[in-house]
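These numbers come from a predicted model, not from an experiment.
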Amino acid sequence: MGVSVRVIPCLDVSHGRVVKGVNFDNLKDAGDPVELAARYSAMGADEITFLDVSASVENRGTMLDVVRQSAREVFVPLTVGGGVRSVDDVRLLLDAGCDKVGINTAALARPELLTEVASEFGNQVITLSVDARRASGMPSGFEVTTHGGRRSAGVDAIEWAIRSAELGAGEILLNSMDADGTTDGFDIELIDKVRCEVSVPLIASGGAGRAEHFVEAVRAGADAVLAASVFHFGTLTVGEVKTALAEAGIEVRL
């Protein structure tokens with residue numbers, strides 16, 4: 001028996017509320033994060049991911065409260081990302097009740113942070129978030145972006161995925177900024193290129209619109225599939241996605 005593919009609802013949290021838009025713009029209120037997390041846990045989600053999209057010093061306290069409350073209500077692993085810049089930030093989030101911490105911009109600025117966190121807590125707590133978009137000037141055809149996909153980091157996305165795994169990232173959350181929020185499907189080429197180069201678990205993100213999109217992502221090499229809008233606004237349920245995966249012969253936890 002192999003490892004089950006994980007289905008992960010993602011909650012983008014801003015100032016204590018879940019929000020969602022297209023390509024990180026025109027954000028709409030999608031509900032209370034603790035209530036949504038509990039609902040998804042009851043629906044059979046394998047994990048819950050929180051992304052603090054307004055992360056800053058003043059908002060960190062809000063996010064810690066959300067994590068503490070969710071940890072009391074939810075009985076699946078919690079991952080929290082956004083504004084994580086140090087070993088101390090990771091410690092605060094783990095102490096609040098999360099199981100894994102998403103790291104993005106801070107690792108680009110100082111890659112050794114990944115090794116420091118892995119040395120302190122183990123690489124299983126690190127989810128390296130890669131916001132990638134197509135770029136003809138990069139060797140792989142994809143570049144890493146920051147600031148919600150609006151700024152180029154000047155780094156090849158596949159090369160960064162390889163290096164981050166070597167430095168200590170336990171898994172990679174691969175988000176296609178071109179597809180994010182469009183519901184047109186995951187970027188299969190991007191998933192395939194990263195899968196060919198790294199062995200750590202790969203979470204596909206960005207673009208889910210129909211149940212078959214999740215099947216396509218797993219067939220391209222994803223170990224987990226993550227989505228937001230289709231779950232928040234009732235287009236699909238976690239159960240419907242798992243049924244589609246199972247019917248395609250993919251192992252899931254039902």
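- Scored by the salt bridge (Lys or Arg N to Asp or Glu O under 4.0 Å) test, E159 finds no partners at all (sequence neighbours excluded).
- Applying the side chain to side chain donor-acceptor pair (under 3.5 Å) rule to S41 yields no partners; only residues at least two apart in sequence or on another chain are considered.
- For D184, the side chain to side chain donor-acceptor pair (under 3.5 Å) criterion is met by no residue, not counting sequence neighbours.
- Sorted by first then second residue, the ring pair (Phe, Tyr, Trp, His ring centres under 6.0 Å) pairs that include residues 64-107, not counting sequence neighbours, number zero.
- The stretch residues 193-206 participates, sequence neighbours left out, in these salt bridge (charged side-chain N to carboxylate O under 4.0 Å, His left out) pairs: E189-K193, R195-D223.
- Sorted by first then second residue, the ring pair (Phe, Tyr, Trp, His ring centres under 6.0 Å) pairs that include residues 180-209, not counting sequence neighbours, are F186-F214.
- Scanning for side-chain contact (heavy atoms from CB on, under 4.5 Å) contacts around A153 gives L108, V144, T146, V155, with sequence neighbours left out.
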Could you give the side-chain donor-acceptor pairs of residues 93-104 under 3.5 Å, partners two or more places apart or in another chain?
{"from": "D99", "atom 1": "OD2", "to": "L78", "atom 2": "N", "distance (Å)": "2.8"}
{"from": "K100", "atom 1": "NZ", "to": "E47", "atom 2": "OE1", "distance (Å)": "3.1"}
{"from": "K100", "atom 1": "NZ", "to": "E47", "atom 2": "OE2", "distance (Å)": "3.2"}
{"from": "K100", "atom 1": "NZ", "to": "E171", "atom 2": "OE2", "distance (Å)": "2.8"}
{"from": "N104", "atom 1": "ND2", "to": "D131", "atom 2": "OD2", "distance (Å)": "3.2"}

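- Not counting sequence neighbours, the partners of E112 by the salt bridge (Lys or Arg N to Asp or Glu O under 4.0 Å) test are R110.
- Every pair tested for ring pair (Phe, Tyr, Trp, His ring centres under 6.0 Å) that includes a residue from residues 83-142 fails, sequence neighbours excluded, so the list is empty.
- Proximity of a side-chain donor or acceptor of Y40 to a complementary backbone N or O of E35 within less than 3.5 Å is not detected.
- With sequence neighbours excluded, the residues satisfying salt bridge (Lys or Arg N to Asp or Glu O under 4.0 Å) with R210 are E212.
- The list of salt bridge (charged side-chain N to carboxylate O under 4.0 Å, His left out) pairs with a residue in residues 232-243, not counting sequence neighbours, reads D46-K242.
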